[in-house]
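Structure, as structure tokens:
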There are 2 protein chains.
Amino acid sequence: MNIGEIAQRAGVSRSTVSYALSGKRPVSEETRRKIQQVVDELGYRPSASARALANGRTSTIGLVFPPAGNHYTGMQLDFIGSVVEAAAAYDYDVLLSPSGVDSDRSFQRLLGERRVDGAILMEIRLADDRVDHLAELGFPAVAIGRTARPEGGWWVGLDHTALAAACVHHLADLGHRRVAFVNRPEQLLRAGYESAHRGLDGFTKAAAERGLTVRTYCCGDDAASGQACVERILHDDPATTALVTLNEAALGGLYRGLAQAGRHVPRDFSVTGVVANRWAETVTPQLTAADVPAADMGRLAVELLVERLDQPDAAPRHHLLAPPISLRASTGPAGAPPTPDAGPDTTA
Amino acid sequence: MNIGEIAQRAGVSRSTVSYALSGKRPVSEETRRKIQQVVDELGYRPSASARALANGRTSTIGLVFPPAGNHYTGMQLDFIGSVVEAAAAYDYDVLLSPSGVDSDRSFQRLLGERRVDGAILMEIRLADDRVDHLAELGFPAVAIGRTARPEGGWWVGLDHTALAAACVHHLADLGHRRVAFVNRPEQLLRAGYESAHRGLDGFTKAAAERGLTVRTYCCGDDAASGQACVERILHDDPATTALVTLNEAALGGLYRGLAQAGRHVPRDFSVTGVVANRWAETVTPQLTAADVPAADMGRLAVELLVERLDQPDAAPRHHLLAPPISLRASTGPAGAPPTPDAGPDTTA
DNA sequence: TAGCTTCGCCGAACCGGTTCGATGAAGCGA
DNA sequence: TCGCTTCATCGAACCGGTTCGGCGAAGCTA
């Protein structure tokens with residue numbers, strides 16, 4: 001069932017059907033009604049492939065998906081959900097592209113084979129060749145995250161530096177002097193993930209400003225790693241009284257490690273960080289944290305991309321978000337550090 | 001840059017280029033090399049739209065995405081990730097379709113406009129008109145979940161009935177006599193979601209078999225609802241000593257509610273259920289639960305769909321999974337029920 | 001009524017691939 | 001040397017839309 005059949009049954013030419021449906025040229029009311037009737041009767045819908053071939057637009061945007069090897073975090077799901085939803089509002093479909101093992105290949109599929117009109121990139125690195133590559137090509141893309149040189153680019157970012165610093169100040173104001181930083185996994189830090197780097201920077205600088213004694217750790221994206229990480233922290237410096245984390249997937253493990261070491265949150269130990277609010281509210285006590293507005297970011301990314309697609313010559317725009325810290329129940333004033341021999345049981 | 005330009009530069013016809021690249025007809029080694037050289041030089045990739053139009057296959061599968069209004073659960077993310085990954089292995093892209101507010105519209109986009117070769121459906125209901133509709137059309141689709149009449153269909157399912165029953169038997173074996181069931185939100189139950197219904201059935205029947213006293217509850221997909229739900233449970237029957245849940249998003253709240261009521265898990269109260277293992281391991285103590293093999297299910301769904309696409313006349317196949325309960329740390333023998341006046345503080 | 005504009009529709013070309021039938025050259029045996 | 005097959009390649013049609021230029025009929029003015 002194609003446009004030719006509709007034309008035949010309506011007794012008009014194919015082009016007339018096309019114009020009647022698209023409205024790009026006037027069609028008499030009578031003809032339009034007749035065509036619409038046949039269309040409704042047969043439930044005709046134009047082929048997306050044919051339309052895409054003819055007018056060069058697929059009405060699809062690509063979402064470059066983080067590799068599956070790393071565990072997904074809840075944040076990513078919120079991104080995806082909000083991107084899909086926002087895209088639907090603008091009549092775009094979303095094509096997922098795994099930028100995993102063979103990222104070149106899937107990139108080629110998306111761009112080389114012209115499956116999408118534009119792309120949204122997740123999991124940005126400070127030096128991100130994908131972003132550079134797309135910028136060179138002039139391909140419409142929006143990054144969720146920003147590279148080391150974000151000037152003149154299209155992106156939606158979170159001010160990880162400021163957020164991590166805000167966490168430090170919050171803890172310092174409460175009197176904490178020895179604070180640990182729990183980052184994303186080491187492989188991501190080494191790969192140059194921006195959140196890991198900017199978060200670490202913000203933490204380190206703010207801590208120096210406030211004269212805090214700090215240690216920084218990388219931690220796998222799962223509960224077991226979080227637990228192990230706390231053991232290391234308390235082993236390395238039992239006088240530590242607080243930690244800041246970017247690692248939401250490890251959060252449950254961090255809490256477990258603290259409980260097992262006999263540190264009560266927030267009485268003996270304060271925890272804060274940058275985490276999607278869904279996770280912050282899941283743990284007990286609920287986490288005082290800068291809530292990552294993942295859904296907003298996804299929506300904003302789509303809006304920027306649509307704007308760019310509609311006006312190819314538009315000047316680059318971006319959004320840098322810095323949500324405030326939500327005070328919940330996981331931080332409190334620093335108490336007296338535990339005496340050395342009352343330290344945690346870390347016989348590992 | 002199209003196939004014509006490649007042909008011109010290689011000094012051959014367009015059809016020869018097509019055959020050289022697809023291998024569907026023999027091409028002399030010399031010509032093939034020449035063409036390949038030009039292709040590599042120019043970085044040519046055939047247009048997906050044109051190819052799709054010509055041979056009627058888009059190399060894309062649709063993933064019908066649950067509505068965003070409900071919070072996403074971690075399980076869904078695992079589904080999506082594994083589907084994308086498995087599809088990539090078979091050279092398929094994945095198009096996300098929000099089956100949210102206006103599900104007819106996005107369905108029309110996918111099928112009517114022929115954007116995808118096949119579809120994978122999530123969040124199946126016992127009476128699911130989407131499944132019925134696709135079956136009528138003979139459209140290649142695989143459901144993650146099964147309807148009330150799954151015979152003769154293509155699906156990958158979890159045996160929620162058996163899993164919920166296994167949880168009951170586990171608790172009954174430990175001596176628990178008064179057990180609560182924490183289901184997904186009421187709106188999902190009313191909408192006929194299969195996991196909510198089959199889980200409830202399995203729980204109810206097994207509990208009857210074992211002569212347990214039970215109460216069943218619906219609970220919102222978030223921590224606050226979980227906490228409120230525990231308060232209701234202990235208010236309705238303070239002698240309750242265990243609960244079974246399907247609601248992983250509420251899990252953190254359930255734990256918090258129990259802690260606040262002064263019930264220690266697992267000493268005073270046992271918790272178990274059907275939950276993705278990532279969540280089961282996040283809470284403290286770790287949850288003894290039937291681990292939902294979300295990643296396996298996604299992969300299997302893709303494999304079934306690919307099989308169906310390759311052999312349109314293949315007989316319907318399915319996989320019904322019933323993973324064993326992983327014994328962790330959240331269940332224990334039932335102790336003496338608390339005396340009435342030592343009941344929890346539920347002044348709500 | 002001739003001449004002009006306006007309106008509504010048609011036919012043809014095009015987007016970029018795939019595929020079928022045909023054609024010409026080379027290879028082979030008789 | 002002729003006729004047959006085999007092989008590599010070509011040209012044209014096709015997939016199902018969109019879009020441009022043109023054309024006939026109707027409506028208007030003079």
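Chain identifiers are assigned alphabetically (A, B, ...) following the order of the sequence lines, protein sequences preceding nucleic acid strands; residue numbering begins at 1 within each chain.
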Identify every side-chain donor-acceptor pair in residues 134-147 of chain B under 3.5 Å, counting partners at least two apart or on other chains, and give the distances.
from: B:T147; atom 1: OG1; to: B:R149; atom 2: N; distance (Å): 3.3
from: B:T147; atom 1: OG1; to: B:R149; atom 2: O; distance (Å): 3.4

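- Contact record, B:D117 with B:G56: OD1-O, 4.4 Å, taken as the closest heavy-atom pair.
- Remark: B:Q36 CD is packed, more than 12 non-hydrogen atoms of other residues, nucleotides or ligands lying under 6.0 Å away.
- Residues of residues 51-60 of chain A that place a heavy atom closer than 4.0 Å to DNA chain D, in numerical order, are A:R51, A:L53, A:A54.
- Ring-plane geometry between A:W155 and A:H318 is classed as parallel, the angle between the planes falling under 30 degrees on a 0 to 90 degree scale with a further cut at 60.
- From the 5' end on, the contacts that DNA chain D makes with chain B at under 4.0 Å to a non-hydrogen atom open and close at D:dA8 to D:dG17.
- For the pair B:N2 and A:R25, nearest-nucleotide mapping onto DNA chain C gives the more 5' position to A:R25.
- Computed from C1' positions of five pairs at each end, the angle between the two local axes of the helix from C:dT1-D:dA30 to C:dA30-D:dT1 equals 50°, rounded to 10 degrees.
- A heavy-atom distance below 4.5 Å is not found between the side chains of A:D78 and A:V292.
- In plain terms, the two heavy atoms of A:I61 and A:A87 that are nearest each other are CD1-CB, 3.9 Å.
- Scanning for ring-ring contact (aromatic ring centres under 6.0 Å, His included) contacts around B:H197 gives an empty result, with sequence neighbours left out.
- For the pairing with B:I6, the side-chain contact (heavy atoms from CB on, under 4.5 Å) check across B:T16, B:V12, B:L21, B:V39 returns one residue only, B:V39.
- Across all non-hydrogen atoms, the minimal contact from A:V27 to A:R32 is CG1-N, 3.9 Å.
- Shown here are the side chain to side chain contact (heavy atoms under 4.5 Å, CB included) partners of B:R25, two or more places apart in sequence or in another chain: B:Y19.
- When the shell of 6.0 Å around CD of B:E30 is examined, it contains 12 or fewer heavy atoms from other residues, nucleotides or ligands.
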Could you pull out every donor-acceptor pair under 3.5 Å between side chains of residues 43-50 of chain A and any protein atom, sequence neighbours left out?
from: A:R45; atom 1: NH1; to: B:E113; atom 2: OE2; distance (Å): 3.4
from: A:S47; atom 1: OG; to: A:S49; atom 2: N; distance (Å): 3.3
from: A:S47; atom 1: OG; to: A:A50; atom 2: N; distance (Å): 3.1

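- If you check residues 14-21 of chain B against DNA chain D, the residues with a heavy atom closer than 4.0 Å are B:R14, B:S15, B:T16, listed by number.
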Nucleotide N/O to protein N/O under 3.5 Å, stretch nucleotides 4-6 of chain C:
none

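- Under the rule for a side chain to side chain donor-acceptor pair (under 3.5 Å), A:R125 has no partner lying at least two apart in sequence or in another chain.
- Inter-residue side-chain proximity for B:D40 and B:Q37 is flagged as unmet; no heavy-atom pair is nearer than 4.5 Å.
- Between B:R115 and B:T58 the shortest heavy-atom distance is O-OG1, 3.2 Å.
- Here the closest heavy-atom approach between residue A:A20 and residue A:I35 is recorded as CB-CD1, 3.6 Å.
- Within residues 26-37 of chain B, the residues that place at least one heavy atom under 4.0 Å from DNA chain D are, in residue-number order, B:P26, B:V27, B:S28, B:T31.
- Among residues two or more places apart in sequence or in another chain, the side chain to side chain donor-acceptor pair (under 3.5 Å) test is passed with A:D296 by A:R299.
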